[in-house]
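First comes the structure, then the notes that go with it.
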Amino acid sequence: MSGKTVNSAIFLLVIGNALALVSDIFIKLLHPDTPVFQFAFLRSLMTLVLLLPFCRVLAGQSFFQGARVHFIRAHIHLAGMVCMVIALTHLPLATANALFYAAPILVLLLSAIFFAERLTPLSLMAVFSGFAGILVILRPVEFNWAAWAALVSALALALGALLVRKLPKQQTTGHKLLLNYLLLLPTAGVLAWWEGAVWQPELLFNAFGSAVFILGYNVTVLLAYRQVDASQVTSAEYTGLIWAVLIGWVAFAERPDIWFLVGSLMIVIPLVLIGIQQGRRNRQRIHRPTTS
């Protein structure tokens with residue numbers, strides 16, 4: 001599957017989101033008392049090792065171009081990773097992933113605030129319905145610190161997505177990923193040292209597994225979006241929530257309740273509708289007759 005057709009791109013995104021869920025499972029298997037900073041450091045180190053083969057194909061003089069934005073984005077990513085570990089080790093798999101889907105809603109909202117992008121009625125509906133869906137899933141009595149960690153992780157994902165616009169456009173995805181982990185690794189190491197936890201070599205297995213599968217997700221996304229309009233296939237990203245429900249049910253005996261189902265639909269359906277609407281607009285633009 002190359003991602004050159006819409007169907008193959010959708011297939012890649014479905015598989016990619018399944019790979020991302022496997023990465024989440026490696027984190028979910030950690031003990032709730034796992035030293036979070038130590039795990040974040042080890043996963044970042046493993047990811048950097050996996051990315052090192054990209055070094056030989058990168059331009060030497062422009063390697064650190066855009067370093068300031070890369071540095072900010074890397075540390076936002078580190079904060080999001082730490083919060084993601086907290087959320088996944090303390091919340092049901094499906095609940096944590098549902099909250100992570102606040103990220104595209106936050107992208108819409110922050111794009112309007114910082115980039116003056118116009119919110120359509122459907123986009124506004126997605127924002128309000130999404131936040132209402134989060135409240136339905138959690139309900140005020142269950143809004144604990146782990147839920148806040150999941151939302152902070154979603155915010156970090158949204159900020160990271162927006163900062164991509166500020167990165168040098170000629171840099172490849174591999175280049176951006178390599179710089180991201182290279183710049184956050186010293187801070188992750190200092191935090192792991194400050195945490196003062198006993199060294200746990202068994203975390204290497206979970207860190208390596210999580211790193212491998214999240215990189216697999218990044219590769220499928222790269223292939224899917226490289227030659228197909230994002231608006232035509234982006235709704236396939238939300239299959240990740242289906243994978244989370246199924247895996248959580250089978251592997252962790254986590255049965256979703258009616259509140260979770262209703263809240264998830266309130267988050268996902270408006271986002272899918274936005275993708276469908278954008279796809280229709282792009283097709284109309286392509287097939288619109290030109291005047292001479």
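These figures come from a predicted structure and were not determined experimentally.
Of the inter-residue distances, the one linking Ile247 atom CD1 with Phe252 atom CZ reads 8.5 Å to the nearest 0.5 angstrom. Rounded to the nearest 0.5 Å, atoms CG (Leu178) and CG (Leu183) are 9.0 Å apart. Taken to the nearest 0.5 Å, the CG atom of Leu167 stands 5.5 Å off from the CZ atom of Arg73. Summarising the geometry, atom CG belonging to Leu78 is positioned 10.0 Å from atom OH belonging to Tyr181; distances are rounded to the nearest 0.5 Å. Expressed to the nearest 0.5 Å, how far OG of Ser23 lies from CE of Met84 amounts to 6.0 Å. Here CG of Leu30 is found 12.0 Å from CD1 of Ile86. Values are rounded to the nearest 0.5 Å.
Judged by distance alone, with hydrogens and angles left aside, the side-chain atoms of Thr220 form a donor-acceptor pair with the main-chain N or O of Tyr217 at under 3.5 Å. Between the side chain of Lys176 and the backbone N or O of Val164, no donor-acceptor pair lies under 3.5 Å. For Ser210 (side chain) and Asn206 (main-chain N/O), no donor-acceptor pair under 3.5 Å exists by modelled atom type. Looking only at distances, no side-chain donor or acceptor of Trp243 sits under 3.5 Å from a matching main-chain atom of Ala20. Side-chain atoms of Thr47 come within 3.5 Å of backbone N or O of Arg43 as a donor-acceptor pair. The backbone N or O of Gln38 lies less than 3.5 Å from a partner atom in the side chain of Glu195, making a donor-acceptor pair.
In plain terms, the two heavy atoms of Ala244 and Ala94 that are nearest each other are CB-CA, 3.9 Å. Of all heavy-atom pairs between Leu203 and Pro35, the closest is CD1-CG, 4.2 Å. Taking both residues in full, the closest heavy atoms of Ala158 and Ala103 are given as CB-O, 3.6 Å, listed atom of the first, atom of the second, then distance. Taking all atoms of both residues into account, the shortest heavy-atom contact from Ala150 to Phe100 is O-CD2, 3.7 Å. Summarising the geometry of Leu184 relative to His75, their closest heavy-atom pair is CA-CE1, 4.3 Å, with the distance given to 0.1 Å.
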Check the pair Ser44, Met81 against side-chain contact (heavy atoms from CB on, under 4.5 Å), reporting the backbone distance first and the verdict last. CA-CA 10 Å; Ser44 300; Met81 188 195 315; 3.4 Å; yes

Can you check side-chain contact (heavy atoms from CB on, under 4.5 Å) on Ile113 and Leu109, steps first, answer last? CA-CA 6 Å; Ile113 295 172; Leu109 190 60; 4.3 Å; yes

Apply side-chain hydrogen bond (donor to acceptor under 3.5 Å, both in side chains) to residues Gln171 and His70 and explain how you reach the verdict. CA-CA 11 Å; Gln171 290 179 344; His70 276 294; 2.8 Å; yes

Show your reasoning for whether side-chain contact (heavy atoms from CB on, under 4.5 Å) applies to Ile25 and Leu29. CA-CA 6 Å; Ile25 289 172; Leu29 292 173; 4.1 Å; yes

Let me see the working for Leu182 and Phe64 under side-chain contact (heavy atoms from CB on, under 4.5 Å), right down to the final yes or no. CA-CA 11 Å; Leu182 186 64; Phe64 285 103; 4.2 Å; yes

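In the hydrophobic cluster analysis, where Ile, Leu, Val, Met, Phe, Trp and Tyr join through side-chain heavy atoms closer than 4.5 angstrom, Leu99 is grouped together with Leu110. In the hydrophobic cluster analysis, where Ile, Leu, Val, Met, Phe, Trp and Tyr join through side-chain heavy atoms closer than 4.5 angstrom, Leu93 is grouped apart from Trp249. Residues Leu204 and Phe39 share a hydrophobic cluster, clusters being chains of Ile/Leu/Val/Met/Phe/Trp/Tyr side chains in contact below 4.5 Å. Linking ILVMFWY side-chain heavy atoms closer than 4.5 Å, directly or via other members, places Leu88 and Leu215 in a single hydrophobic cluster. Linking ILVMFWY side-chain heavy atoms closer than 4.5 Å, directly or via other members, places Tyr101 and Met266 in two distinct hydrophobic clusters.
Between Phe205 and Phe26, the ring center distance clears the sub-6.0 Å criterion.
Side chains of Phe208 and Leu42 form no contact here, defined as non-hydrogen atoms less than 4.5 Å apart. With a 4.5 Å cut-off on side-chain heavy atoms, Phe260 and Thr95 count as touching. Here the side chains of Lys28 and Glu254 are in contact, with some heavy-atom distance below 4.5 Å.
Side-chain N/O atoms of His31 and Thr89 include no donor and acceptor closer than 3.5 Å.
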